[in-house]
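One structure is given below, encoded as structure tokens.
Values reported hereafter were calculated over all heavy atoms of this structure, with side chains retained and with hydrogens, waters and symmetry mates removed.
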Protein chains: 2
Amino acid sequence: MKIDARLVEKRIKEFTDLCQQNRIKVTKQRIEVLIEVLRCNDHPDAEKVFTGLRKKMPKISLDTVYRTLRLLNDLGVITTFGFFREKTRFEANLKPHHHFICRQCGLAVDFFCDEMSRLELPQQVRSLGKIDRTQVEVTGICNNCAKSVKNKTK
Amino acid sequence: MKIDARLVEKRIKEFTDLCQQNRIKVTKQRIEVLIEVLRCNDHPDAEKVFTGLRKKMPKISLDTVYRTLRLLNDLGVITTFGFFREKTRFEANLKPHHHFICRQCGLAVDFFCDEMSRLELPQQVRSLGKIDRTQVEVTGICNNCAKSVKNKTK
DNA sequence: GTCACTGCAAAAATTTTGCAGCGTT
DNA sequence: AACGCTGCAAAATTTTTGCAGTGAC
């Protein structure tokens, strides 16, 4: 709940600098959405950001929150937990394993790694509850997508 | 693409046994959904399972696929990739870190662990593409939820 | 035969989009 | 002053639910 004002200033500055570089406007709503995500350290969804913000900014609309979250995510100012706008995906492989996921196309490849599977969790984590599964998620851009990105001017 | 018939038999038997234990009916649709998820090794979403199945079973409906996937997931016969029916969640913490997530209530706690952050990925994985992030996801039941579950007869 | 399951259609929930007016640059 | 952004409402997308008939036990 404690919020470090200096950190918030720093993160806002990072954001406004990025806006200037990208000719994106700095608006009250955008600043407030960023502050709200910084303030909530419990990985809020769009709805929670929205209701949290309404106390300070009663006129903000849910779609602006969605648009802003996407913008902040695209700029790399915030991240998503799991994937952005992804449907639920299923898998039948119940053996302990890990994933490589391409954040461009969603390609998901299973891999096994004894070293990782044997990892001991810090006591601090084990004390949070009963652990069922420890899984490594490796995120990146797959070779296929890397090829197509090279064609565009990035 | 290669599908091991013996493995499929084994998994179907596991499922039918669970059905008998739980007085759940074994239907053609349920068996076929399970086979389809076993057959797709690319972590399909409900829509993909549905369209894949329609070739064999043209009358199956999308809502049956959804219902069945949820049932299989609840029985522990399949898993989801990320979380089932979860909204997109955001976080402002950009430093490399890991998560404990309660699969009951969605509680997400960040934690740091040098040993994990320093993990070297197998060559097999690094060759899949450009790696941006390696994150450990620990899934379980948090202490709070464990308490409330104890009250029910499980 | 019973009652859980399916398919249909319709609803709920989540996220996106078109548009007219407003506010940042 | 220009034009990107907001809020509204409406649409699109993903997932769930009510109901009458069907099929598993």
| For D/dT15, does either OP1 or OP2 sit under 4.0 Å from a side-chain N or O belonging to B/Y66? | yes
| Any B/R70 side-chain N or O less than 4.0 Å from OP1/OP2 of C/dC5 | no
| task | Would you kindly give the CE-to-P distance between B/M57 and C/dC5, to the nearest whole Å? | result | 15 Å
| Do any side-chain nitrogens or oxygens of B/Q29 fall under 4.0 Å of OP1 or OP2 in C/dG7? | yes
| task | Please confirm whether any donor atom in the side chain of A/R67 sits under 3.5 Å from an acceptor in the base of D/dG4, or the reverse. | result | no
| remark: Result for 5'-nearest mapping on DNA chain C, choosing between B/L71 and B/E86, is B/L71
| Polar side chain donor-acceptor pair, A/H98 to A/Q135, under 3.5 angstrom | no
| said: Could you tell me how far apart B/I60 (CD1) and C/dC5 (P) are, to the nearest whole angstrom? | reply: 14 Å
| message | Between A/E91 and A/H97, does the side chain to side chain contact (heavy atoms under 4.5 Å, CB included) criterion hold? Intermediate values first, please. | response | CA-CA 11 Å; A/E91 65 174 331; A/H97 66 278; 3.0 Å; yes
| request: May I ask you to verify if any side-chain N or O of A/T64 is less than 4.0 angstrom from the OP1 or OP2 atom of D/dT6? | output: no
| said: Taking 4.0 Å as the cut-off, does a side-chain nitrogen or oxygen of A/Q20 come that near to OP1 or OP2 on C/dT25? | reply: no
| Residue whose closest nucleotide on DNA chain C lies nearer the 5' end, B/K59 versus A/V26 | B/K59
| query | When the distance from CZ of A/F15 to C1' of C/dT24 is rounded to whole Å, what number comes out? | reply | 12 Å
| query | When the ring centroid of B/H99 is compared with that of A/F81, is the distance short of 6.0 Å? | reply | yes
| message | Measure CG/B/L62 against P/D/dT17 and give the value in whole Å, please. | response | 14 Å
| query | Within less than 4.0 Å of OP1 or OP2 of D/dT14, is there a side-chain N or O belonging to A/K87? | reply | yes
| Is A/D63 touching bases, backbone alone, or none of the nucleic acid, heavy atoms closer than 4.0 Å? | base
| request: Please tell me which of B/K28 and B/E47 maps to the more 5' nucleotide of DNA chain D, matching each residue to the nucleotide holding its nearest heavy atom. | output: B/E47
| said: Salt bridge or not between B/D17 and B/K13? Use side-chain N to carboxylate O under 4.0 Å. | reply: yes
| query | Is the distance from OP1 or OP2 of D/dG4 to the nearest side-chain N or O of A/T27 less than 4.0 Å? | reply | no
| Between B/R30 and D/dA24, is there a side-chain N or O to OP1/OP2 distance below 4.0 Å? | no
